[in-house]
Amino acid sequence: MSRSGGGGRRPDSRHDQPTQAPAPPFQRGTDRGSHYGSGAAPSSSHAASTSTAPAPSSPSISASAPSSSSVSTLVEETEQKLTLAALAAATPPPSSSQAVGFPVRPGFGTVGRKCVVRANHFMVQLAERDIHHYDSIYTAGPLPFESKEFIINLPDSDPRPSSSTRLRERQFRVVIRLASKPDLYTLQQFLRRRHFEAPYEVIQVLAVVLRAAPSEKHTVVGRSFFSTDLGPMGQLGDGVEYWRGYFQSLRPTQMGLSLNIDVSASSFYEPILVTEFVQNYCRDLSHPLSDEVRLKVKKALKGIKVVLTHREYNNSHKITGISSQPMSQLMFTDDSATRMSVIQYFRERYNIALQFTSLPALVAGSEARPIYLPMELSRIVAGQRYAKRLNERQMARANAYNEDTLVNKEFGIQVADDLTSVDARILPAPMLKYHETGREASVNPGFGQWNMINKKMFNGGRVEVWTCVNFSTRLNRDVAFQFCQGLVDMCNSKGMVFNLRPVIPISSSNPNQIEKALVDVHNRTTQQGKQLQLLIIILPDVSGSYGRIKRVCETELGIVSQCCQPRQASRLNMQYFENVALKINVKVGGRNTVLVDAVQKRIPLVTDRPTIIFGADVTHPQPGEDSSPSIAAVVASMDWPEVAKYRGLVSAQAHHEEIIQDLYKSIQDPQRGFVHGGMIRDGVGERQFSQVLLHEMNAIRQACASLEEGYAPPVTFVVVQKRCRTRLFPAENNRCDLTDRSGNILPGTVVDTEICHPTEFDFYLNSHAAIQGTSRPTRYHVLYDENRFTADGLQVLTNNLCYTYARCTRSVSVVPPAYYAYLAAFRARYYIEDETSAGGSTDGNRSTAERNLAIRPLPVIKDNVKDVMFYC
């Protein structure tokens, strides 16, 4: 993939530089470093590599490692092939020999019923302009100089308690130097398929121009804009509110440049006094904060900007922490080396008698020269994003760009007013296979959903040794017994073989002694010489113990568990029993349903030879959790040709590292000797495509070679971008043959034409029926394809697999291998959350290298748990 646009490049010597020219309009280069500028594809929380991998002849798990020279040669060959193979047929060759080529689109799909949908893409037309890129500035023509230095003086006030209140000036040296001349002709050639390397620098310039006006009017968060003017605000509680806004992204497509605009909402801190904010954690501010509350407040306030309410000239100050002492005890040394308290300083300097002297002070500044700010005089600056996970809420309208003088007149950019109409197809739903003993042995789903009436699981699991422990104080033993009886009856009626009698009596335990109760159940079972296959757990009435239960069961005791909410358990609802039965079956080794085409071996490139489908994901800690590692997970199908049962592996790696580090590794095991293992992919944005492909394909090749010398099965590597911001709407809302019950496009709607990449193999697929709101299509982008899938072949396979998700009788929005990898990674985070959640944001001063060195491996999942789909 091409380098990102940005500064630092030499002026293009092919163009003459005028000595004098009128100064054109300009825009600061705020998006420097992004492949598509504001149009870079969103990072994806779900991506997967679909790999077809015929098994080697006579594979041996204990095969010796290939020699280091052979592995080195393999790595070099893989890198060379990845770099050159995909572009071998392209003429002319890429302008950069270092660019990694991705597969060219093999054609367009034809399967399915044709239709037209509307996409939230607005076509962009460009006029000829002589664009110049100076360091930090883009202009629509040359400046009257190539390089110039300016000295600028700006007023500043020192906020430290010991300083005077007089204003001082700070001097800045500003250099404007010509960096490059982005060439619009190169972009036009790329969009016409005459140039094969995307000119990201040019796209970035245009994206920055389109961001100019909204950046001045609204609060910028990534590639989104938010404002209280874009829709009504809403209170979320705890000093947080949400604002409406929109996302925009400039992208090259088959029709030309497209501006993708999507509605958005995000949370922001309320502009209130810090004392009001702290009252969300402690109502009584007249007493010192407890250690627990102080840590929570410190974590919540760290990184927030505040202004002081008692000063005429006010800068904002970024909070780095809070003092360990209350202000009544907090002392500092002023410029005259006089020791005084914070309370004394504000009384003498500002004639302010602080009221909440039991509270700690906010700490700003550096560690060497801390600044102490009273909470009651500090107001949170408006427009600061609350960086926690919140769902999107409602819609807002985007800007009218054609009314913008800078965009329209100076840079000659015209943005269409209407959504783009796009040719689409509706893929047929697959036939699903159930057990022959059921009254319905197969089903053809309608509108992306079906049910289990008259059906039995394709492979019913067997549960001989089980019991139940109830941690709810609201459910008595009789209700817990009735719940288990109903659940067991449902499992048996759906094709499982489930022992009616628990191995030990169903019990109720103290929710404050969860680990002791779990160990006791395990011990009582093993004393009978039996291995517990399933433990049904009714959770405590108060949330917060689920992660601890899973950690103890799966990494310490080797117990497969099924947790149930007490509110649901008390209802004894048949639909709930059915839903839980689906999860239990795959957790004990069964399969709920499979594709009829898989059973009959009618899936090209999958069922005609032994094949493994992998899914992978990397999940990252929430913002502020600096001490938490990222967690990678990989799942792989274990039941060719049905490809419905997936085994999973998890691994901790460096904080916010996207590339899977343990995709291949070899270790010295004390019992088994030299052992090869690791993981073969999810979660990639376009800026990381090349890096991820090179690293992870090398790892896949090494893993294959460790099984048998020279073993190199053909691989197809697909990235799944779940959080793409493209939305597809019905062209005609009143046609029932084109919309589902909620007015969305139908499940199976696929687009691989106008709004897709000009040359590469990608498509948008809406494989599900949205339960609420607007359905969100998923984008699939092929990075490597040795199997030579046709467009129809990969699109139909992807859509069909979305009907095999084990946890429900609905098609899902993301291909199941990627979905399972996400679930496995999310589960593994529970294993470490108790260790990192309390102090997760307290080591922000540590360097990235220090944090990476501190990575602790995840607790090892027991083998009997790892062998089944425990994460479902």
Flag, side chain of [X] to backbone of [Y], donor-acceptor distance under 3.5 Å:
X	Y	answer
His695	Ile659	no
Arg244	Pro232	yes
Gln565	Ala569	no
Arg829	Pro629	yes
Thr555	Val552	no
Asn470	Ser472	yes
Glu216	Ala213	no
Ser509	Phe471	no

Is the shortest side-chain heavy-atom distance between [X] and [Y] below 4.5 Å?
X	Y	result
Ile631	Tyr831	no
His218	Leu230	yes
Pro326	Pro360	no
Leu362	Val274	yes
Leu273	Ile380	no
Asp541	Thr473	yes
Ile343	Ser328	yes

message = Assess the residue pair Leu330 and Gln325 against the criterion (side chain to side chain contact (heavy atoms under 4.5 Å, CB included)); give the C-alpha distance rounded to whole Å, side-chain angles, the decisive distance to 0.1 Å, and a yes or no.
response = CA-CA 6 Å; Leu330 190 59; Gln325 298 173 300; 3.8 Å; yes

task = Quick one: sort the Tyr281 and Phe277 rings into parallel, tilted or perpendicular, breaks at 30° and 60°.
result =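 The arrangement is tilted - the two ring planes meet at 30° to 60°.
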
message = One pair to check against side chain to side chain contact (heavy atoms under 4.5 Å, CB included): Met340 and Asp334. What are the steps and the verdict?
response = CA-CA 8 Å; Met340 69 169 60; Asp334 66 9; 3.8 Å; yes

message = Please find the pair of heavy atoms, one from Gly648 and one from Lys866, that lie closest to each other, and give the distance.
response =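 What the structure gives for the nearest pair is O-CG, 3.4 Å.
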
ask   = Charged N to carboxylate O below 4.0 Å: is that the case for Glu515 and Arg551?
value =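 Salt bridge present between Glu515 and Arg551.
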
query = Would you call Glu149 and Arg177 a salt bridge, using N to O less than 4.0 angstrom?
reply =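 The answer is no: the pair does not qualify as a salt bridge.
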
message = Using a 6.0 Å distance limit plus a 45 degree cone around the ring axis, check whether Arg725 lies over the aromatic ring of Phe247.
response =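 Judged by the rule, Arg725 and Phe247 form a cation-pi pair.
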
Reported [atom1]-to-[atom2] distance for the pair [X] and [Y], which is rounded to 0.5 angstrom:
X	Y	atom1	atom2	value
Glu270	Asp238	CD	CG	9.5 Å
Leu535	Ile549	CG	CD1	9.0 Å
Ser249	Arg223	OG	CZ	6.0 Å

message = Please confirm whether the ring centroid of His310 lies under 6.0 Å from the ring centroid of Tyr350.
response =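 For His310 and Tyr350, the ring centres are under 6.0 Å apart.
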
inquiry  = With side chain to side chain contact (heavy atoms under 4.5 Å, CB included) as the criterion, how do Met375 and Ile322 come out once you've worked through the C-alpha distance, each side chain's angles and the decisive distance to 0.1 Å?
reply    = CA-CA 10 Å; Met375 291 184 177; Ile322 62 176; 4.2 Å; yes

request  = Evaluate the criterion side chain to side chain contact (heavy atoms under 4.5 Å, CB included) for residue pair Ile559 and His522; output intermediate values, then yes/no.
outcome  = CA-CA 8 Å; Ile559 295 175; His522 179 260; 4.0 Å; yes

ask   = Do Phe268 and Tyr242 pass the ring-ring contact (aromatic ring centres under 6.0 Å, His included) test, and can you show the C-alpha distance, the side-chain angles, and the key distance before you say yes or no?
value = CA-CA 6 Å; Phe268 293 83; Tyr242 69 83; over 10 Å; no

Option from [options] for which side chain to side chain contact (heavy atoms under 4.5 Å, CB included) with [X] holds:
X	options	result
Glu376	Leu359, Leu285, Leu354	Leu354
Tyr246	Ser264, Ser227, Pro214	Pro214
Leu557	Leu518, Asn523, Val865, Val521	Leu518

task = Identify which one of Arg827, Arg548, Lys862 satisfies the salt bridge (charged side-chain N to carboxylate O under 4.0 Å, His left out) criterion when paired with Glu554.
result =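 Of the listed residues Arg827, Arg548, Lys862, the salt bridge (charged side-chain N to carboxylate O under 4.0 Å, His left out) partner of Glu554 is Arg827.
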
Modelled atom types, side-chain donor and acceptor of Thr333 and Arg339, under 3.5 Å =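 There is such a pair between these side chains.
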
